[in-house]
Amino acid sequence: MSDSRPHGPNLEECAALLRAGKLCAFPTETVYGLGADATNSDAVLSIYETKGRPRFNPLIVHCANLAMAQRFAVFSPLALQLTVFWPGPLTLVLPQKSDAGLSDLVTAGLFSVAVRIPDHPVALALIRAAGRPLAAPSANPSGKLSPTTAQQVIAGFGGRVPVLDGGPSRSGVESTIIKVDGDKVIQLRAGALPRAEIETVLGTPIGVAGKGASIAAPGMMASHYAPRALLRLDAAQPDEDEAYIAFGHEPPHIRGPSRNLSPNADLREAAHNLFAILHDLDSIGIAKIAVAPIPHHGLGEAINDRLARAAAPR
Ligand code: TXA
Ligand code: MG
């Protein structure tokens, strides 16, 4: 039987990696996830770098039990009804609890958060052993198929990512994503849990975002964090009525409020600070913000994507 024994790091080793801010792929009943400590922004950034994801899509926070999920999300009675499907292939998008300690790179700066409890003993044991909620997209390089075996994950990332082997995923289709917003229930992504089962539990039909929702990634149409302020991008310096977000060297004689994404022009640090700075300038009531040019390489692509969306007319 030794042929079929899992190879690679064991559960304790994987939990230690995650606690140390490293990535570790792990099995779920849907697909393998590329996990990181959801409270550690540097760890979450490594997910984007490793996947080569050009955008900061919000990520699902994987929890071991309802109590853990309730630390990060607000469950209305309606949302609680849907937890009958947990553990299971259902992701709930709910209002985020403020100051819950999640990295805002997990939520891409949104006020909602996606949570789920996977129905896989190895995933649950790993989350418990790590003692952290795990942010995890599917464990494939961006644009490739979602993996359902440890071998696919290892091959996909050329062996660069440690994988906790839990055998093949049962489903191979990602979780169904449901947003509960007040008394509205909307399916954002069709997935492994059929909508009809959800409607049976609720006793009423639910809305579907977009048409023909065949595993369409909601990342494209999910509301993205948009500051109240108007943004002007690629600005070498602010006009008189603008706050300024600098990157690296700051232009002299800035009179209004200013923030620096990274004084050392480090894209990782800039990504780390991006949403916090936008929220911060919003909270002090800034109406117009000029943003310094950000290089397009590495994480710069994701930063520029988010800035462009934040600046888009609405
Ligand atoms: O089965 C699954 O869901 C797998 C396993 C690993 O759990 N994970 C997965 O993650 O498919 P990912 O990152 O490939 O897809 C998560 C989707 C993204 O399209 C993202 O836009 C959406 O969830 N999402 C996350 N947070 C959201 C939020 N606050 N509002 C709307 N959509 C959100
Ligand atoms: Mg995916």
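Side chains are part of it too, since the values below use all heavy atoms of this structure and drop only hydrogens, waters and symmetry mates. Start at 1 and go down the list; that is how both ligands and their atoms are numbered. Position 1 is the first residue of the sequence; numbering continues from there.
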The one among Pro58, Ala25, Pro27 that brings a heavy atom closest to atom 27 (C) of ligand 1: Pro58

Note, Leu34 side chain near Val153 side chain (heavy atom, < 4.5 Å): no

Ser112 neighbourhood, listing ligand 1 atoms whose heavy-atom distance to it stays under 4.0 Å: 28 (C), 29 (N), 30 (N)

Donor-acceptor pair between Arg268 and Ser41 side chains, under 3.5 angstrom: no

Side-chain touch Asp119/Arg170, heavy atoms, less than 4.5 angstrom: yes

Heavy-atom nearest option to atom 1 (O) of ligand 1, drawn from Thr30, Leu193, Thr28: Thr30

Per-atom contacts of ligand 1 with His62, taking only distances under 4.0 Å to non-hydrogen atoms: 5 (C), 6 (C), 7 (O)

Atoms in ligand 1 with a heavy atom of Ser138 nearer than 4.0 Å: 9 (C), 10 (O), 14 (O)

Test item: Tyr32 and Val161 side chains (from C-beta on) under 4.5 Å apart, heavy atoms: no

Whether Lys51 side chain and Asn140 backbone form a donor-acceptor pair below 3.5 Å: yes

Region of Lys179 that comes within reach of ligand 1 [heavy atoms, distance under 4.0 Å]: neither

Thr39 and Asp37: side chain donor to acceptor below 3.5 Å: yes

Under-4.0 Å heavy-atom contact with ligand 1, by part of Arg53 that carries it: side chain

Polar side chain donor-acceptor pair, Thr91 to Arg189, under 3.5 angstrom: no

Contacting atoms of ligand 1, where contact means under 4.0 angstrom from a heavy atom of Ile60: 3 (O), 8 (N), 9 (C), 10 (O), 16 (C)

Pairwise side-chain contact, Phe157 with Val163, heavy-atom cut-off 4.5 Å (strictly under): no

Short N or O distance, Thr91 and ligand 1, threshold 3.5 Å exclusive: no

Contacting atoms of ligand 1, where contact means under 4.0 angstrom from a heavy atom of Leu188: 31 (C), 32 (N)

Side chain proximity check, Asn65 to Met68, heavy atoms < 4.5 angstrom: yes

Proximity flag Arg116 to ligand 1, non-hydrogen atoms under 4.0 Å: yes

Min N/O separation Tyr32 to ligand 1 under 3.5 Å: no

Side-chain (Gln96) to main-chain (Leu110) donor-acceptor, under 3.5 angstrom: yes

Numbered atoms of ligand 1 (with element) below 4.0 Å of Val93, judged on heavy atoms: 28 (C), 29 (N), 30 (N)

Ligand-residue contact atoms, ligand 1 with Ala114, heavy atoms, under 4.0 Å: 25 (C), 26 (N), 27 (C)

Enumerated ligand 1 atoms positioned under 4.0 Å from heavy atoms of Leu110: 28 (C), 29 (N), 30 (N)

